[in-house]
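Working notes, beginning with the structure itself.
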Amino acid sequence: MSELVEKPEYLDFIREAVAEDLRTGRYKEVRTRFPPEPNGWLHIGHAKALFVDFGVAQDFGGKCNLRMDDTNPEKEDMEYVEAIKRDIKWLGFDWEDRLFFASDYYEKLYELACKLIKKGLAYVDDLDEEQIKEFRGTNVPDKNNITYTPPGRNSPWRDRSPEENLDLFERMRVGEFADGSKTLRAKIDMAHPNLLMRDPVMYRIRRIPHYRTGTKWCIYPMYDFAHPLSDAIEGITHSLCSLEYEIHRPLYEWFIQNCEVFPSRQIEFARLNLSHTVLSKRWLLQLVREKKVKGWDDPRMPTIAGMRRRGYPAAGIRDFLGRIGIAKTDSLVDIQLLEHCIREELNTHANRYMAVINPVKLVIENWPEGKIEWLEAVNNPEDPSAGIRKIPFSSTLYIDRDDFREVPPPKYYRLYPGNQVRLRYGYIVTCTGFEKNPTSGEIEKIRCVYDPNTRGGDAPDNRKVKGTIQWVCAIHAIPIEARLYDHLFEAERPMEVPEGKTFFDNLSDHSLTIESRAVAEPAVVEIEKGQTVQFERIGYFCKDPESTSSLAVFNRTVTLRDTWAKIEKKFQEKPH
RNA sequence: UGGGACGUAGGCAAGCGGUAAGCCUCCGGAUUUUGGUUCCGGCAUGCGCAGGUUCGAAUCCUGCCGUCCCAGCCA
């Protein structure tokens, strides 16, 4: 992956720790893992974890495993496994032949649980869910807060003999007991200040078919038990996870130590938070279920699939991931940084085309009747190897409504009566007038004359023409549908909502604008689905898979930087 | 009145006792057949606050303040 992204000139705290572990001989090599639960699609937050997991392994000559952390039959599905694999591959990470499933370890995990029972470190508990909570001694309200101080109480079943526990656990496995009637718990310390250490549940009884093991098991291991041991089974040296697991680390170490398995080390880092969106499978699932978006791959979603459909290149995403850094500070990354990385990548790789989103007719009065000229246009000024193409020019063109003003605002140097402008790769034209619809008042036609000596846009007399605008020949115009996307949420932090409101209230009402009158130059027919191009002066657009032979649909990936919009806004705020 | 972590610019983030990197944003200016790109320049006498140690502190010590996580038989 070293070729995939530029390395910073310093070591982040994780790499520092790993380097230290190698130096001291704590580990001989580096092995990491990316452990998604197949219960939702991957989002940009997972991409950060992927980048850290695969990146650290790569940097130290190690390997990173892909492991489906599937220990909860209620929510997991093969559909998600496939989606996850596809997205990881697309992002450019390679697990080679190391795809594993926690569900493949059920038997080993069961044996390790028996080992703890034999050592007197685990027991079968008959307490129900409510009682466990009560005995943990945590649910004690104190003024409006919660006090965690009271020590818990031992379960009356805590001192069963290893023989009895072994027998009961075996009978749990074969299905003798009802769902929820018994659990296997680790025997640690019911008075421990860290709640997770108060005899955590290791196994629960759930008669729900698992998407991979079917009905073979009716007991399923909990994360805190399964995770460290799965890591150990795979010989993971560094188990990198997010900050919320910090408090789980003592438990992680307890299981590893007492099961006497490979000593994996857990290191936590801050998960990614991105402005104007939500990064949690739970909330994303809600957006999908409540039909706030069209699906997991809606281009407004921060999912990998959504970004891919939106037109974000994987290289741009990786660049972003490399720039945000790795630390333990809870932070909120500005989505503008992501957009900047996407633009930077696309600027050098996306071919240019001319399109007009909101067309208005431009008639060239002195253009020879019926003449059509094919002009040369550069495909990518940043990349000469991208070549050139031909575009047709005639007496009637379409230009964008925004490129004409009846009365120009300050600093405006596009078309207005009497002003001249360059039609990109075409000719320099001078506006001679315009026509309005008498009833609606809408401008229907703009008139101009062209200078035959300016073919291609060059000014032989060296005159300065400030404005250059894009255009589309009316005769050859290809109708397209442009889907203009904006941030999904208006608020920088969508989850911060006033009492009685939900994050749905923060949804932006202009996150999607469909422009069905848009037109483009004929060459756009060559663009393939999934390909991202630049529509000059507008932005980058990706041809959507929903495109048909009769209508091409383009998703706006990201706009170009718009300095004019800033100038205009400034003058609107305080005109002078 | 518990435990675990974290506080460096508007947003990220280096810095590891020798006098505040870099990136994004923002603001100027140059170049430009995309108001794009590119290029120059500006943006913390200051590192949560208060003391202390030291010739010297963002870095070490003490105390305070603030923020986040922990009450699933979810991961």
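The basis for the numbers below is simple: all heavy atoms, side chains too, and nothing from hydrogens, waters or symmetry mates. Every chain is numbered from 1, with letters handed out A, B, ... down the list of sequences.
Taking 4.0 Å as the cut-off between side-chain N and carboxylate O, A:R33 and A:E234 do not count as a salt-bridged pair. Using a cutoff of 4.0 Å between basic side-chain nitrogens and carboxylate oxygens, A:R212 and A:E76 are not scored as salt-bridged. With respect to the salt-bridge test (charged N to carboxylate O, under 4.0 angstrom), the residues A:R424 and A:E521 do not qualify.
If you look at A:H248 and A:Y252, their ring centroids are not closer than 6.0 Å.
Comparing atom distances between the A:L560 side chain and each of B:C12, B:G36, B:C24 picks out B:G36 as nearest. The side chain of A:D334 lies closest to B:G11 when the candidates are B:G11, B:A5, B:G72. Comparing atom distances between the A:I324 side chain and each of B:U37, B:A75, B:C12 picks out B:C12 as nearest. Here B:A5 is the nucleotide among B:A5, B:A21, B:G35 with the atom lying nearest to any side-chain atom of A:K328.
Nucleic acid contact for A:I567: base, since at least one base atom lies under 4.0 Å from a heavy atom of the residue.
In this structure, A:A327 and A:R455 both approach RNA chain B, and ranking their closest nucleotides by distance from the 5' end singles out A:A327. Nearest-nucleotide assignment on RNA chain B puts the 5′-proximal partner with A:I247, out of A:I247 and A:E382.
Proximity of A:R282 to the phosphate of B:A75: no side-chain N or O atom is located under 4.0 Å from OP1 or OP2. At B:C26, one or more side-chain N or O atoms of A:K566 fall inside 4.0 Å of OP1 or OP2 (strictly under the cut-off). Phosphate contact (OP1/OP2 of B:A13, side-chain N/O of A:R323, threshold under 4.0 Å): absent. The phosphate of B:U32 (OP1 or OP2) has no side-chain N or O of A:T468 nearer than 4.0 angstrom. In terms of phosphate contacts, A:R537 brings a side-chain nitrogen or oxygen within less than 4.0 Å of OP1 or OP2 of B:G35. The side chain of A:R136 places an N or O atom within less than 4.0 Å of a non-bridging phosphate oxygen (OP1 or OP2) of B:G72. Taking side-chain N and O atoms only, A:S331 has a distance below 4.0 Å to OP1 or OP2 of B:A13. Here A:R422 does not reach the OP1 or OP2 of B:U34: none of its side-chain N or O atoms lies under 4.0 Å away.
As rounded to the nearest Å, B:C40 and B:A20 have C1' atoms that lie 23 Å from one another. B:U62 and B:C6 have their P atoms separated by 15 Å, with the value rounded to a whole Å.
Taking the ring centre of A:Y123 as origin, the terminal cationic atom of A:R185 falls outside the region bounded by 6.0 Å and 45° from the ring axis.
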